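None of these values were measured; they are calculated from a predicted model. Chain naming here is simple, since letters A, B, ... match the order of the sequence lines and numbering starts at 1 in each.
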Protein chains: 2
Amino acid sequence: MPVSRDDWTELALTALRRAGYRAGGARRQVIELLGGEECALTALEIDRRLDSVGRASVYRALEQLEQLGLVQRLEVGGEAAGYERRDPGGEHHHHLVCERCGAVVPFADEDLERAIDAVSDASAFRVLSHEVVLRGSCGACAGAKPRQAA
Amino acid sequence: MPVSRDDWTELALTALRRAGYRAGGARRQVIELLGGEECALTALEIDRRLDSVGRASVYRALEQLEQLGLVQRLEVGGEAAGYERRDPGGEHHHHLVCERCGAVVPFADEDLERAIDAVSDASAFRVLSHEVVLRGSCGACAGAKPRQAA
DNA sequence: ATCTGTGCAAATAGTTTGCATCCTC
DNA sequence: GAGGATGCAAACTATTTGCACAGAT
């Protein structure tokens, strides 16, 4: 059973404390913001939403959280990287990205996870995380302009 | 049956000509370089290897090739994007990335592809491409330093 | 001759770093 | 009081754009 949003916030704060970090205000705000989001936010979006927090602190917090495995960094678009909370228990998702309008839609699939686990096990790597991105046109964009309709 | 390196080079040059592009030297050099590579190169690596080609031309060529579906852009590391040739026929691979040493190792897996196709078909998106990245430590790095060994 | 392709350099955008200060422990 | 945490601004890196010129058709 995955933890809930608020639980994740608690978890993250605790994990940081146990990792020897002090409780400053910037990091806490980043954590609380991420805890309330289902999907990824870019560092700049986070910075924009947190007036009293400096941009550098946002990046620093995200890096620390990523290293502790509490946040997953995603290379979704060609521009900024996305960051989203990661429930230690499992229950994670991947993304469908519309190349036309930029929409990012999360999805989850058991078979896909199994296939990835099998590849991970068979490889010489010690795989710690993975990321799947499906690109194309979302329903609206594909419908609006059937892509290369003669 | 996938096309071979040289075939891909030919194919790309033909596709560009048919798409109405003229045959300048910069683009040809980028294509020939990519045609000879199995795995991804960053735009800067390409620029570095092609003395007589301007950096901007490299980016422009890569963008055009990507749009024609001849090149796949990868968001592998946190830094530069990678570009590799894409055989229209199929036969494509994904990547294992070592977060310690930066090694990028390609792999292919049928079951994984099937799972992705199933998700694609079930989604509302018109999926045109996909990318899977497995992150962790490569054999050497994992062995050398058992990751968080007390 | 025309109009695209190219190289150079400047402009952008995202991310990182240096440093003085603030605040937690 | 000591040392980490933070904000600001400057530094960097990757990528894009403007523009004049070369080259392809």
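Using a 4.0 Å heavy-atom criterion, one finds that B:A56 contacts the bases of the nucleic acid, with or without backbone contacts as well. Residue contacts for A:G20: at a heavy-atom cut-off of 4.0 Å it reaches no nucleic acid atom on any strand shown. B:A23 comes within contact range of the sugar-phosphate backbone alone, with a heavy-atom separation under 4.0 Å but no base atom that close. Among the heavy atoms of the strands, none lies under 4.0 Å from B:T42.
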Quiz item: Do A:H94 and A:E113 pass the side-chain hydrogen bond (donor to acceptor under 3.5 Å, both in side chains) test, and can you show the C-alpha distance, the side-chain angles, and the key distance before you say yes or no?
Solution: CA-CA 10 Å; A:H94 295 293; A:E113 297 302 326; 2.8 Å; yes

Practice problem: I would like to know whether B:H93 and B:E84 meet side-chain hydrogen bond (donor to acceptor under 3.5 Å, both in side chains); could you show each step before the answer? | Solution: CA-CA 10 Å; B:H93 61 259; B:E84 65 186 18; 3.1 Å; yes

Practice problem: For the pair B:R49 and B:D47, evaluate salt bridge (Lys or Arg N to Asp or Glu O under 4.0 Å) and give the outcome as yes or no after the intermediate values. | Solution: CA-CA 5 Å; B:R49 291 211 212 168; B:D47 177 51; over 6 Å; no

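Listed nucleotides: D:dT15, D:dG7, C:dT6. Nearest to the side chain of B:A43: D:dT15. For B:A80, counting side-chain heavy atoms from C-beta on, the closest listed nucleotide (D:dT15, D:dA5, D:dT6) is D:dT15. Relative to the side chain of A:V53, the nucleotides C:dT6, D:dG7, C:dT15 differ in distance, and D:dG7 lies closest. Comparing C:dC25, D:dT6, C:dT15 against the side chain of A:R55 picks out C:dT15 as the nearest. Which of D:dT6, D:dA5, C:dG14 sits closest to the side chain of A:Y59 comes down to C:dG14. Distances from the side chain of A:R60 to the nucleotides D:dA5, C:dT15, D:dC8 place D:dC8 closest.
Residue B:R22 places a side-chain atom within donor-acceptor reach of the base of C:dC3, judged by atom type and a 3.5 Å distance cut-off alone.
To the nearest angstrom, C1' of C:dT15 lies 17 Å from CG of A:L41. Spacing between atom CG of A:D47 and atom P of C:dT15 amounts to 11 Å, rounded to whole angstrom units. Rounded to whole angstrom, the span from the CZ atom of A:R18 across to the C1' atom of D:dG4 amounts to 20 Å. Straight-line distance from the CD atom of B:E79 to the P atom of D:dT13: 11 Å, rounded to whole Å. Regarding B:Q64, its CD atom lies at a distance of 12 Å from the P atom of D:dT16, rounded to whole Å. To the nearest angstrom, P of D:dC8 lies 13 Å from CG of A:L50. Atom CD of B:Q29 and atom P of C:dG7 are 8 Å apart (whole Å). Between the P atom of C:dT15 and the CZ atom of A:R48 lies a distance of 11 Å, rounded to the nearest Å.
Taking the six-membered ring where the residue is Trp, B:H130 and B:H92 present perpendicular rings, their angle passing 60° and hence far from 30°.
Counting only distance, with no hydrogens or angles, the side chain of B:R85 and the backbone of B:G35 share a donor-acceptor pair below 3.5 Å.
Under 4.0 angstrom from either OP1 or OP2 of D:dG7 there lies at least one side-chain N or O belonging to A:S57.
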